[in-house]
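Read through the structure below, which is laid out as structure tokens, and then see the notes.
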Amino acid sequence: MTNHTPAAGAATGPAAGTAPGAAAKPTGPGTLITVAPTGAESQKSAVPALPVTLDELVTTAKECQAAGAAVIHVHIRDDRAQPTLDLARLSDTVAALRESTDLIVQLSTGGAVSDGFEARLAVLDAGPDACSLTCGTVNFGDEVFSNPWPFIRDLYARTKERGVVPEFELFDLGHIATLHRLLGDLGAPHGGHVHCDLVMGVPGGMPGNAATLVQAVSALPAGATWSATGIGRTSLPVIFAALSAGGHLRVGMEDTVSFARGRPVAGNAELVERAAALAELAQRPPLRPDQARALLGVNGRR
Ligand code: KMH
Ligand code: ZN
């Protein structure tokens with residue numbers, strides 16, 4: 001595995017405004033790579049390379065940092081490898097990732113579709129650097145990923161109280177309208193900068209293709225930065241579209257368990273390595289974690 005040369009410098013952004021239709025912030029010289037190594041949907045029995053124990057997660061995190069990741073989006077599993085939001089485990093996970101890596105630790109507040117709102121709000125009690133915050137309900141295969149407005153508002157208010165930097169997860173164009181409403185009602189996030197992730201290709205959400213990506217980006221708040229991730233077979237088209245449109249990248253086994261047709265992912269690091277190589281080709285090499293902290297407005301370690 002290669003250690004990637006990080007970008008020469010990361011742009012720090014002004015506080016984001018909320019004007020719809022204005023251009024999102026142009027990229028700096030580097031690419032922020034987020035790894036989402038586990039998710040809540042795949043089963044360990046079907047995907048043996050999925051990191052589900054704390055040791056597996058920390059090992060993956062170290063490999064992914066060496067490969068060019070700066071942020072880790074974390075879902076955890078219990079002793080039976082099932083998704084959990086157990087607070088003690090989440091706290092231990094944050095501590096272990098901080099101990100072993102420099103990655104920005106972003107806990108999922110989405111959890112699994114079966115998780116309740118109280119447990120999802122309580123994720124912030126584990127003291128992460130950052131968290132995901134999905135801006136609307138979406139059909140999710142045969143399930144529903146539920147994010148009604150009162151929950152979104154409560155979660156956002158709590159991120160501001162706790163000093164946690166939210167990443168706004170946008171699964172559909174309507175979620176962008178809700179993001180504008182949220183920023184208009186409650187103001188800028190902790191850290192002052194708006195960063196979004198377009199989650200594309202979920203069955204029930206927006207499709208993972210270049211035309212939709214361009215449309216979504218044009219609707220983001222002025223000054224926002226954004227990454228994109230394509231679920232399943234939309235992974236590569238979304239990577240190429242995001243790089244060409246000036247965005248950042250999220251990759252990982254939460255989103256994709258096939259590296260190529262008929263070839264399962266061997267580990268998260270190879271997905272990060274591929275994203276980093278493509279970012280290098282685009283002449284926007286991976287940002288180091290310290291550069292990513294400056295970009296996203298994430299404070300120093302607690
Ligand atoms: N597992 C999905 C139901 C997030 O992490 O915030 C929700 C999800 C989004 O993965
Ligand atoms: Zn997630």
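Indexing begins at 1, ligand by ligand and atom by atom, following the structure's order.
Looking at Glu254, its N, O or S atom nearest to the Zn ion (ligand 2) turns out to be OE2.
Checking side-chain atoms of Ser100 against main-chain N and O of Leu97 turns up no donor-acceptor pair under 3.5 Å.
Counting only heavy atoms from C-beta outward, the side chains of His190 and Thr159 never approach each other to under 4.5 Å.
Nearest heavy-atom pair across Leu213 and Met200 is N-CE, 3.6 Å.
The single protein non-hydrogen atom nearest to atom 10 (O) of ligand 1 is Glu254 OE2, 2.9 Å, given as residue, atom name and distance. Among all non-hydrogen protein atoms, the one lying nearest atom 6 (O) of ligand 1 is Ser132 OG, 2.6 Å. Nearest protein neighbour of atom 5 (O) of ligand 1, counting heavy atoms only, is Ser108 OG, 2.6 Å.
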- Item | salt bridge (Lys or Arg N to Asp or Glu O under 4.0 Å) between Glu169 and Arg250, worked out | CA-CA 11 Å; Glu169 307 285 332; Arg250 175 176 125 173; 3.7 Å; yes

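Counting atoms of ligand 1 from 1 in the listed order, those under 4.0 Å from a heavy atom of Gly110 are 4 (C), 6 (O). Set against the non-hydrogen atoms of Glu41, the atoms of ligand 1 under 4.0 Å away are 1 (N), 2 (C), 3 (C). Taking a cut-off of under 4.0 Å to the non-hydrogen atoms of Phe140, the atoms of ligand 1 that pass are 2 (C), 3 (C).
Contact analysis puts His73 in contact with ligand 1, with a non-hydrogen atom separation below 4.0 angstrom.
On a distance-only criterion, Gly111 and ligand 1 share at least one N/O pair closer than 3.5 Å. Between Glu169 and ligand 1, no N or O atom pair is found at a separation short of 3.5 Å. Every N/O-N/O distance between Ala40 and ligand 1 stays at or above 3.5 Å.
Between Arg288 and Asp102 there is no salt bridge, since none of the side-chain N atoms of the basic residue sits less than 4.0 Å from a carboxylate O of the acidic one. The pair Arg89-Asp79 meets the salt-bridge criterion, since a charged nitrogen lies less than 4.0 angstrom from a carboxylate oxygen.
Of the angles at the Zn ion (ligand 2), the one spanning NE2 of His75 and NE2 of His73 is 100° when given to 10°.
Under the 3.5 Å distance criterion, with hydrogens and angles disregarded, a donor-acceptor pair is assigned to the side chains of Asp255 and Thr229.
Between His75 and His73, the two ring planes are perpendicular [angle over 60°; tilted spans 30° to 60°].
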